[in-house]
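What follows is one structure encoded as structure tokens, with my remarks underneath.
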There are 2 protein chains.
Amino acid sequence: MRSKGLTSVQLAKLAGVSSATISRAFTADSLIKPETRARILALADEHGYRPNAMARSLNMSQSRLVALVVNTVANPAEGEGLDQLVHRLQARERMPLLLCCANHEDRNQLMRIASAYRVDHVVLYSDAVSIDDATDIFRSATLVVASSEPLEGRAVSDVRLDASAATRQVVDRLVDIGRRHFVYLSGRSSSHIDKQRMSWFSEALEAHSLAFDIVEHGDYSYDSGYKEAVLLLRRSRPDVIVCANDLMAIGVKDAASLLNIRVPEDLAIVGHDGVALANWEAHSITTIMPLEGMVSAALAEIIDRDPSAPAVQRVVDCVVRWARSTPELPR
Amino acid sequence: MRSKGLTSVQLAKLAGVSSATISRAFTADSLIKPETRARILALADEHGYRPNAMARSLNMSQSRLVALVVNTVANPAEGEGLDQLVHRLQARERMPLLLCCANHEDRNQLMRIASAYRVDHVVLYSDAVSIDDATDIFRSATLVVASSEPLEGRAVSDVRLDASAATRQVVDRLVDIGRRHFVYLSGRSSSHIDKQRMSWFSEALEAHSLAFDIVEHGDYSYDSGYKEAVLLLRRSRPDVIVCANDLMAIGVKDAASLLNIRVPEDLAIVGHDGVALANWEAHSITTIMPLEGMVSAALAEIIDRDPSAPAVQRVVDCVVRWARSTPELPR
DNA sequence: CTAGATATTGCATACGAATGCAAAATAGTT
DNA sequence: AACTATTTTGCATTCGTATGCAATATCTAG
């Protein structure tokens with residue numbers, strides 16, 4: 001029959017009460033007789049009634065919508081993190097609006113459309129969007145930044161990765177076992193997180209009075225890792241390649257295998273992000289990553305806070321997930 | 001300063017017109033003097049005004065929201081398809097609401113929350129949710145099904161895969177070159193798509209008076225493919241393993257390599273879905289898949305139709321993406 | 001310059017739910 | 001029973017935009 005959705009007034013009529021009472025039945029800690037509420041909720045359930053979130057949002061200026069701004073969900077690095085976050089939001093009865101920026105010529109236009117829905121929060125999970133643009137467009141929403149663009153005093157809540165210790169740990173071990181020729185393969189050198197990762201590595205190298213031999217540029221894709229590595233390994237022989245993400249690291253490993261370069265004996269490979277597939281048998285890439293779910297936990301927690309509370313900045317430390325793309329410690 | 005978002009009335013005051021005129025400036029083909037519209041749009045842009053989508057939706061009973069019901073976005077099989085679809089929706093100024101069901105104990109509850117936002121369309125991209133439940137919960141929305149649950153006369157728009165021809169093509173070639181011992185590795189045997197895939201394969205085998213030697217059960221994950229294959233290959237020697245998805249196929253390939261079974265010489269492996277990583281150098285899995293983007297194109301097209309138009313059913317034929325996990329044709 | 005046709009605009013109301021305030025119902029007290 | 005204290009409910013308004021209808025402005029032609 002597809003009844004086009006009851007309204008509170010119609011349900012009120014059925015229940016023999018006023019629409020105000022219906023509303024109160026659906027509002028926690030409101031002044032309503034428990035039996036009345038029970039009766040209404042039962043009736044609502046029977047008729048499939050749910051308060052119209054549009055009307056409710058309009059009235060309360062609170063939508064319970066969260067805009068998730070990501071590059072793409074096709075990529076496991078974003079997908080895995082996003083999935084965690086979505087689950088956490090859903091558990092709190094928040095609805096995620098998904099904005100995929102990657103193949104969209106005008107990201108700001110996309111954000112403008114989303115802002116019309118008066119989202120309560122915006123999670124910037126992408127380096128491809130500027131914090132200032134987002135702040136400007138989502139004026140009335142609370143911005144939570146999980147990209148790596150420097151905050152520079154902006155009063156914005158944010159979750160930031162710190163991989164300096166983890167990176168040092170990796171470099172120390174590799175230098176210990178005699179590696180000296182490091183290459184860094186960047187994803188998009190304009191990206192903040194990429195810059196950070198590179199600079200953490202150079203700092204770690206500097207502690208040993210070393211530096212990168214070479215820096216190559218990929219585009220975060222498996223194919224680019226593969227291609228760049230083939231070119232590079234045909235003309236030189238680094239003993240470590242550090243990649244801006246795991247996908248490129250996997251590409252590098254496959255290229256090495258094509259060229260009969262042994263991993264990790266001749267070449268150690270290190271990735272970033274800790275995507276599940278980096279840990280698959282066939283890949284087994286050592287990677288630098290936040291502890292499982294830490295970022296999304298922090299984000300969800302921030303979103304749960306009182307929106308009027310001052311912005312908070314969290315730092316999530318990265319850990320190393322050792323795998324077979326780097327040599328074991330000699331005993 | 002974070003002006004909390006202008007309203008049409010406030011902007012009207014600034015522009016020296018009534019709020020009705022503001023509204024008309026933002027409505028295509030409405031009766032308004034072009035210069036007035038231009039003036040208002042400029043002013044709106046200057047002040048960052050956008051019509052409140054909540055109010056608009058409430059008034060028009062049309063939200064331009066589309067609920068995307070998926071299992072998870074962590075998995076490339078879903079992520080890649082979803083990404084395509086999201087881009088197509090965004091290009092049409094539709095906003096996707098993301099519902100991830102996988103780790104959510106009560107999927108229906110999730111859908112109920114989403115339905116409160118009066119989404120215009122629901123795309124069921126997941127086998128984990130029943131069509132009837134979804135129809136029941138999203139009463140006033142148009143359901144578009146991309147799962148494989150049988151429609152059985154339900155008046156619902158739907159995009160359905162047909163892999164029978166592609167599957168026959170694969171089986172014919174493998175039988176031609178002498179393969180006789182086929183194993184099917186299912187993901188979740190209760191899933192409709194899994195059943196279909198298996199039955200397409202048995203039909204293709206029957207044409208040669210063959211049948212599956214064995215059916216094993218995984219859970220769609222790389223690890224389950226790996227584990228099941230190790231167990232299986234230690235006790236028997238099939239020459240073809242067909243997997244319900246690519247991830248398990250990759251796991252199977254890695255297991256084979258662990259056990260020194262040559263792929264494709266001793267064992268051919270076939271996957272399903274056509275995820276990008278199945279085509280990576282290290283994996284190179286032959287896979288049965290819809291033509292790139294076909295499913296999301298069909299979905300987007302359906303969503304674009306007049307909602308009062310009768311439901312349509314589309315069939316998307318699958319193709320084979322040959323790779324190195326199956327032998328070349330002998331010349 | 002004016003009547004009539006047409007192009008623009010404003011007014012008033014509707015969409016569905018939340019909530020302050022007042023009215024009604026109930027409980028508690030003497 | 002009468003009256004107060006308290007709980008529960010209803011009334012009326014509000015949120016911001018869209019739109020039918022009426023009012024006004026602009027244009028055309030005579």
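First the proteins, then the strands, lettered A, B, ... as listed; each starts at 1. Computed from a predicted model, the values in this text were never measured in an experiment.
Side-chain contact, B:S296 with B:R88: a donor N or O sits under 3.5 Å from an acceptor N or O. A side-chain donor-acceptor contact under 3.5 Å links A:D306 and A:S308. A:T7 and A:Y49 are not linked by any side-chain donor-acceptor pair at a separation below 3.5 angstrom, with hydrogens and angles left out of the test.
A sub-4.0 Å separation between OP1 or OP2 of D:dA18 and a side-chain N or O of B:S23 is present. Residue B:Y49 places at least one side-chain N or O closer than 4.0 Å to OP1 or OP2 of D:dT17.
For the pair A:P307 and A:D120, the minimum side-chain heavy-atom distance is 4.5 Å or more. With contacts defined as side-chain heavy-atom distances shorter than 4.5 Å, the pair B:V316/B:R160 does not qualify.
Distance B:Q62 CD to D:dA18 P: 11 Å, rounded to the nearest Å. Atom CG of B:N52 is separated from atom P of D:dT14 by 18 Å (rounded to the nearest Å). Rounding to whole angstrom units, NZ of residue B:K13 and P of D:dG16 are separated by 12 Å. A:L58 places its CG atom 18 Å from the P atom of D:dT13, with the value rounded to the nearest Å.
Taking 4.0 Å as the cutoff to heavy atoms of chain B, we find the contact window on DNA chain C bounded by C:dT8 to C:dG16.
Along DNA chain C, the nucleotide nearest to B:G16 and the one nearest to A:R24 differ in position, and the one closer to the 5' end is contacted by B:G16. Remark on DNA chain D: of its neighbouring residues A:S18 and B:M54, the 5'-side contact belongs to A:S18, judged by nearest-heavy-atom nucleotide.
Across residues 27-37 of chain A, not one residue has a non-hydrogen atom less than 4.0 Å from an atom of DNA chain C.
If you run side chain to side chain contact (heavy atoms under 4.5 Å, CB included) between B:P96 and each of B:L65, B:V86, B:L85, only B:V86 comes through. Test A:I303, A:L143, A:V70, A:V145 against A:V123 for side chain to side chain contact (heavy atoms under 4.5 Å, CB included) and you get one pass: A:I303.
Each end of the helix from C:dC1-D:dG30 to C:dT30-D:dA1 gets its own rotation axis from five pairs of C1' atoms, and the angle between them is 40° to the nearest 10 degrees.
Using a 4.0 Å cut-off between charged nitrogen and carboxylate oxygen, B:R188 and B:D127 do not count as a salt-bridge pair. Under a 4.0 Å N-O distance rule, the pair B:E149/B:R154 qualifies as a salt bridge. Between A:R112 and B:E93, none of the side-chain N atoms (NZ, or NE/NH1/NH2) sits under 4.0 Å from a carboxylate O, so this pair counts as no salt bridge. With respect to the salt-bridge test (charged N to carboxylate O, under 4.0 angstrom), the residues B:R92 and B:D304 qualify.
Scanning atom types as modelled, one donor and one acceptor separated by under 3.5 angstrom connect the side chain of A:N59 and the base of D:dT14.
For B:M60, whose side chain is taken as the heavy atoms from C-beta onward, the closest listed nucleotide among D:dA18, D:dG10, D:dT17 is D:dA18.
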